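The shown structure was predicted, so the numbers you read here are calculated from the model rather than taken from an experiment. Here is how names work: the chains are called A, B, and so on, in the same order as the sequence lines, proteins then strands, and each is numbered from 1.
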2 protein chains.
Amino acid sequence: MKEGPDIALIGSLIGDPARANMLTALTGGKALTATELAGTAGITLQTASSHLSKLEAGGLITQRKQGRHRYFTLADDDVGLMIEGLMGFAAYRGFTRHRTGPKDPALRKARVCYNHLAGDYGVRMLDSLVAEEVITGVGDKLHLTPSGEDRMTTLGIDLPALTRLRRPLCRACLDWSERRSHLAGSLGQALLTLFLDKGWAKREPDSRAIRFTGTGETEFAKLFPLAVPSAVKRHHEDTVEA
Amino acid sequence: MKEGPDIALIGSLIGDPARANMLTALTGGKALTATELAGTAGITLQTASSHLSKLEAGGLITQRKQGRHRYFTLADDDVGLMIEGLMGFAAYRGFTRHRTGPKDPALRKARVCYNHLAGDYGVRMLDSLVAEEVITGVGDKLHLTPSGEDRMTTLGIDLPALTRLRRPLCRACLDWSERRSHLAGSLGQALLTLFLDKGWAKREPDSRAIRFTGTGETEFAKLFPLAVPSAVKRHHEDTVEA
DNA sequence: CTGACGCTTCGATCGTCATCGAAGCATCCG
DNA sequence: CGGATGCTTCGATGACGATCGAAGCGTCAG
């Protein structure tokens, strides 16, 4: 009653199925128009408009006018992380919409999480980066090591530009399919765009799935070799699954 | 519409103010009766009963009969983590119920997060444990190092008993007041109970706040010295706040 | 047994909100 | 200019659900 932040407000925003569908769609990272969102939510344009204004008032999404279209996106990384977090919780509890989790195994393999790489490949990438001591950190706060900075720069990533943004550079995001962390933050975003720019991977249309090309697979495997978990790590990690 | 877990279900459960209040109260860790929960939520016993059965059907809480009372608790650690996560998100957005965040600064200093220590002291403890290489890990998966195991055992913690539980031993939980991670999991729980058992700290009645005693303060400071962040870590950590 | 307590279930009421038709406003196109 | 497209606002409808009174059921005390 008295203490603490107001959860109910956010809960009620997400609690409506139509809004939840729109938010899930926006977690794909692409800016979508009101008409598109109405379509994916299965409602008319008017109701969608009503929902969108509520979501915007709640600070969960932002709109950007462009010509006669209005493009909607998630307000920022935090919203994406929160939603992925909720999806992870829901998935673990078996609250899936159509019985069998994400029916598309491609989603589990590699997908967009708002603006960065998630799924098996996302988790594998962070594992590898940690094993090679490019990234360290505990909890959701991660840091780039000095050697990591070099490595990212040689990869063609403009670190100064990223740090100039008033956003976290590295961040851990809980993966709902793998139930482990992958790399978010502006660096995570930069890496994904790098893959897309180099033609190593492509976005599936109308889906969060990401398809790696043949050369993309090999390049990815070369850059981020499978991390061999040390005996220490494995020791207690196995007690995690129930 | 098609893909992904069902967020809306959980959202709607949390979306009702009465239910949100009860859940927040239960995040205090104590088992509460229906009457108590009705009180904190400001509703009658009948409506509370209705809400509680919904929360139980949704898997968020569990009840335990004892005499003519029914004690309710959060279903497991995951629920607590999820709720703290949402509170963190809400707090960061300024969605506080009564204007000025948690009016009680004691809450920010040290409080119960379902079953472990949170707030300034909780964050400081994990920082210290990481700095002394008792705990390592990335994301929300944390591990105890071999030297860490020794240290916990000498502290009087029965590690074998903890690992026998089918629960994660270490886990990172995002602190809503500090916006950094603190230690959750069965080890986090064991440490808090240790503090309480030794008389170093006491729970405030009817609050999540924890008050450290004089000797408790000194013992805590001795066990978990302020971690001096290395230059590397600090480097990018400062870009986190907006 | 009787009475008190704790809680659930039932039933009725009421408010809120999601939904959509219709109209209004802006933008682009020719 | 007209017409088409994209979206918002208004207004009415309808449904779901939160709320509480009253009754029912188990438990404990004496």
For [X] and [N], what is the distance between atoms [atom1] and [atom2] respectively, to the nearest whole Å?
X      : N       : atom1 : atom2 : answer
Q66(B) : dT27(D) : CD    : C1'   : 13 Å
L32(A) : dG6(D)  : CG    : C1'   : 15 Å
E36(A) : dT5(D)  : CD    : P     : 16 Å
M22(B) : dA18(D) : CE    : P     : 10 Å
E56(A) : dT9(D)  : CD    : P     : 10 Å
Q46(B) : dA23(D) : CD    : C1'   : 11 Å
L13(B) : dA18(D) : CG    : C1'   : 14 Å
L55(B) : dT8(C)  : CG    : P     : 12 Å

Thinking salt bridges, do D120(B) and R108(B) make one under a 4.0 Å N-O criterion?
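Looking at D120(B) and R108(B), the cut-off is not met.
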Between R171(A) and D78(A), is there a side-chain N and carboxylate O pair less than 4.0 Å apart?
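Salt bridge between R171(A) and D78(A), a charged N being under 4.0 Å from a carboxylate O: yes.
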Tell me whether the OP1 or OP2 atom of [N] has a side-chain N or O from [X] closer than 4.0 Å.
X      : N       : value
R19(B) : dA18(D) : yes
H69(B) : dC28(D) : no
H51(A) : dT19(C) : yes
T47(A) : dA18(C) : no
K54(A) : dA18(C) : yes

Identify whether any heavy atom of T33(B) sits under 4.0 Å from a base atom; if not, whether one sits that close to sugar-phosphate; answer base, sugar-phosphate or nothing.
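Sugar-phosphate, backbone atoms only, no base.
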Do the side-chain N and O atoms of Y121(A) and E217(A) include a donor-acceptor pair separated by under 3.5 angstrom?
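There is such a pair (donor and acceptor under 3.5 Å, judged by atom type) between the side chains of Y121(A) and E217(A).
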Distance-only side-chain donor-acceptor flag, T44(B) / T47(B), under 3.5 Å:
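Looking only at side-chain atoms, T47(B) and T44(B) do form a donor-acceptor pair, the distance falling under 3.5 Å.
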Taking for each residue the nucleotide of DNA chain C with the nearest heavy atom, is it L52(B) or D16(A) whose nucleotide lies nearer the 5' end?
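Residue closer to the 5' terminus by nearest nucleotide: L52(B).
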Taking side chain to side chain donor-acceptor pair (under 3.5 Å) as the definition, give me every residue that meets it alongside E219(A), ordered by chain and number, with sequence neighbours left out.
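Partners of E219(A) by the side chain to side chain donor-acceptor pair (under 3.5 Å) criterion come out as none, since no residue qualifies.
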Proximity to the side chain of [X] - top-ranked nucleotide from [options]:
X      : options                  : value
F72(B) : dT8(D), dT19(C), dT8(C)  : dT8(C)
R68(B) : dA22(C), dC20(D), dG6(C) : dG6(C)
L45(A) : dT19(D), dT8(D), dT9(C)  : dT8(D)
I43(B) : dA22(C), dT8(C), dT19(D) : dT19(D)

